[in-house]
Amino acid sequence: MSCVVIVGAQWGDEGKGKIVDIYTEFADVVVRYAGGPNAGHTLVVGDEKLVVRLLPSGILRPQTRCVLGQGMVIDPAVLIGEIDELVRRGHRGLEARLAVSDRAHLILPYHVLVDTLRESSSAALGTTKKGIGPAYEDKARRTGILAGDLRDSARLRAKIEAALDAWAPTIRALGGEVPNAAELVTALEAAKTRIVPMLAHTSELVDSAIRAGKRVMLEGAQGTLLDIDHGTYPFVTSSSAVAGGASVGVGIGPSRIKTVIGITKAYATRVGAGPFPTELGDADGDHLREVGAEFGSVTGRPRRTGWLDLPALRYAARVNGIDGLALTKLDVLTGLSRIRVCVAYDTPSGRTRDFPIDELQTPNAVTPVYEELPGWNDKLETARVLDELPTAARAYVRFLEEGAEVPVYLVSVGPRRTETIMLHNPFVGRAAEP
Ligand code: IMP
C-alpha cells in the first residue's frame, strides 16, 4: 500500500507540476484534493509546455486514473475548456480516465463576479479572481452547489436560486447585477452532459485503490503559507492546502497516507498581497524573477521574489509532517555571487528560530536574520547525482537540508523531467504490482 501526498511548502508556485509529474510515472491514481482553477501547474513534456488548472498533473500519462476530489471547487466551464484544449493537442481518452467527485463544489459565474468585484474594491487581497473564495463561502454557508446537483436540473435550479438570494445583497452592494438563475441553469446544459458521466463517489474509488495496493498520489495545490488555517491569514486562499487537507479533501482516513513530500524552491516567491519577510526589491530579486520566469501561470502577474526562509520551511515541515523535500529551481541561483538564507528572526520578544506567524500580522514587527553562502557560475542542468553539482551548490543543498531538519528526496536542476537528481522515490520498492 502506498499513498503519497505532495504539498507546497511555501506560498504556492513551488514547481509542483513537474515534481508530481515525475512521481506520477510510478502512480496508478493521482488525486487533486483542494483548491480549484486558482492553481496553475506547469507541465513540460518534451518541447510541449502545458498549464493545467483543474486537472491532476497525471493527466498526461495514459495509464493514470485522475481524480478531482471533494475538497475542490470546480468551475465547469474551465474543466471542459481544459479537457478540450488537451484533446486539441492530441491527448486522447481523457474523460474515460477522469473521475469527478459528486461532492465537490461548483464555481458558478456569480462566484467569479463577486471575487472580481471585491478585487476592484479597497478590500482587494490580490486573489486570482477565479471565484475560489466565494465558492468556499457558499460551502460553509451551506448554500453551495455540488457537482452531483448537475444530475437533477430541478434541484440544481432551486439551489442556484437560494444561493443567488443569499448573494444578492453582496452583489448589489459591490455595484454588480444579480444574474438570472434560469439563464445560469440553461448555460450549464452543455457542461452537464460532459461532466455527469465523469461523476463518481471518489472517496470510495481512492480508498479501494489504496486497499488494492495501487500507488496513489494526492496532489496539493497552492502552498502551506496560503492554507486557510496555517497560512498568513487573512492573506490566504480558502481551502486546506496542507497535507492534513488531503485526508478530508479526498475522503480517506489519515492512516492511509504513508508519505508526505514537501516542495520548496531554492528561494521564495509570493503572488498577491500579504507578509513576505525575505522579499527582495533589488537586482538579486530581479535575477530570481527573470531567470526563474516568476510570472503567475494563471494570472501572468510578476511574482514577488525573495531569499529562502528556513524558519518558514521548518514550520511547513511541522504542520504537514513532511518526510522529505523536493527542492526545485536550484539552477535559478546560478550566477549569483552570494546567496542569503533566512535562518532566524528578530522579533519584539527576542531572536527566534520559529516562523513568527502571529507577529507577521503587524507590519515590520520582525526582521529576518540571514546567513550568507557562496554562489556558483557553472550550469547545473546536466547533473544527475549530487556529486555532479558544483561544490557551492552541493553545500547549499546540505545547508538547506540541515536547516529544514528534513531530508532532501529530489533536486530539480531545470524545467525538463530529465533535469532532476532523484535521491529517494517513496513509490519504488514499496507498492504491490497493480
Ligand atoms: P484565491 O485562491 O484566488 O482566493 O487567492 C488568494 C491568495 O492566494 C492570493 O494571494 C493568490 O495570489 C494566492 N494564490 C491562489 N492560488 C495560488 C497558486 O496556485 N499559487 C500561488 N498563489 C496562489
Side-chain angles (χ1 to χ4, degrees), residues 6-20 32-43 50-57 71-75 78 82 105 107-108 110-121 123-140 144 219-242 245 249 262-265 267-276 279 288-289 292-306 312 316 328-329 360-361:
I6 296 216
V7 69
Q10 300 171 302
W11 279 284
D13 307 319
E14 297 91 352
K16 282 185 287 295
K18 171 179 165 175
I19 304 306
V20 173
R32 275 269 316 258
Y33 62 83
N38 47 349
H41 293 174
T42 307
L43 310 178
L50 279 178
V51 178
V52 288
R53 296 174 179 186
L54 281 171
L55 295 174
S57 300
M72 289 187 74
V73 282
I74 299 171
D75 186 325
V78 175
E82 202 160 292
H105 281 247
I107 299 178
L108 293 176
Y110 46 92
H111 298 122
V112 180
L113 175 68
V114 171
D115 201 1
T116 308
L117 289 170
R118 281 180 182 156
E119 283 301 302
S120 54
S121 77
L125 274 186
T127 75
T128 59
K129 300 187 202 170
K130 300 292 174 196
I132 308 297
Y136 280 114
E137 280 173 66
D138 254 342
K139 177 176 180 174
E219 176 184 5
Q222 288 77 52
T224 304
L225 298 171
L226 289 176
D227 179 273
I228 182 84
D229 289 292
H230 302 288
T232 51
Y233 192 89
F235 300 98
V236 293
T237 190
S238 306
S239 65
S240 295
V242 295
I263 309 190
T264 177
K265 277 180 196 167
Y267 49 96
T269 63
R270 170 162 209 168
V271 278
F276 183 10
E279 183 168 13
L288 297 174
R289 186 175 310 100
E294 296 295 354
F295 297 88
S297 51
V298 173
T299 59
R301 291 180 287 180
R303 293 179 184 142
R304 301 159 67 192
T305 51
T328 62
K329 293 196 156 184
L360 283 177
Q361 293 192 54

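Indexing begins at 1, ligand by ligand and atom by atom, following the structure's order. Keep in mind that the numbers below use all heavy atoms, side chains included, and drop hydrogens, waters and symmetry copies.
Counting heavy atoms closer than 4.0 Å to ligand 1, residue R301 contributes side-chain atoms (C-beta onward) but none from N, CA, C or O.
Considering T127, L225, D115, T232 only, the shortest heavy-atom separation from atom 5 (O) of ligand 1 involves T127. Around atom 6 (C) of ligand 1, the closest heavy atom drawn from V271, L226, V236 belongs to V236.
Checking side-chain atoms of Q10 against main-chain N and O of K265 turns up a donor-acceptor pair under 3.5 Å. No donor-acceptor pair closer than 3.5 Å links the side chain of E279 to the backbone N or O of R304. Side-chain atoms of R32 come within 3.5 Å of backbone N or O of A34 as a donor-acceptor pair.
For Q222, a nitrogen or oxygen atom sits less than 3.5 Å from a nitrogen or oxygen atom of ligand 1, counting backbone and side chain alike. Considering backbone and side-chain N/O atoms, R270 never comes within less than 3.5 Å of an N/O atom of ligand 1.
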**Request:** Evaluate side-chain contact (heavy atoms from CB on, under 4.5 Å) for R270 paired with F235, printing each intermediate quantity in order.
**Result:** CA-CA 11 Å; R270 170 162 209 168; F235 300 98; 3.4 Å; yes

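No side-chain donor from either of D13 and T269 sits under 3.5 Å from a side-chain acceptor of the other. Side-chain contact of H105 with D138: a donor-acceptor pair under 3.5 Å is absent, judged by distance alone.
Under the 4.0 angstrom criterion for non-hydrogen atoms, A39 is in contact with ligand 1.
Of the protein's heavy atoms, T128 OG1, 2.6 Å lies nearest to atom 3 (O) of ligand 1. Nearest to atom 2 (O) of ligand 1 among the protein's heavy atoms is T237 OG1, 2.6 Å. The protein heavy atom nearest to atom 18 (C) of ligand 1 is N38 O, 3.8 Å. Nearest protein heavy-atom neighbour of atom 21 (C) of ligand 1: D13 OD2, 3.0 Å.
No side-chain heavy atom of K16 sits less than 4.5 Å from a side-chain heavy atom of S57. Looking at I228 and S239, their side chains never come closer than 4.5 Å, going by heavy atoms from C-beta outward.
Here is the list of ligand 1 atoms found below 4.0 Å of a heavy atom in W11: 21 (C), 22 (N). Close approach to G126 involves these atoms of ligand 1, each under 4.0 Å from a residue heavy atom: 9 (C), 10 (O), 11 (C), 12 (O).
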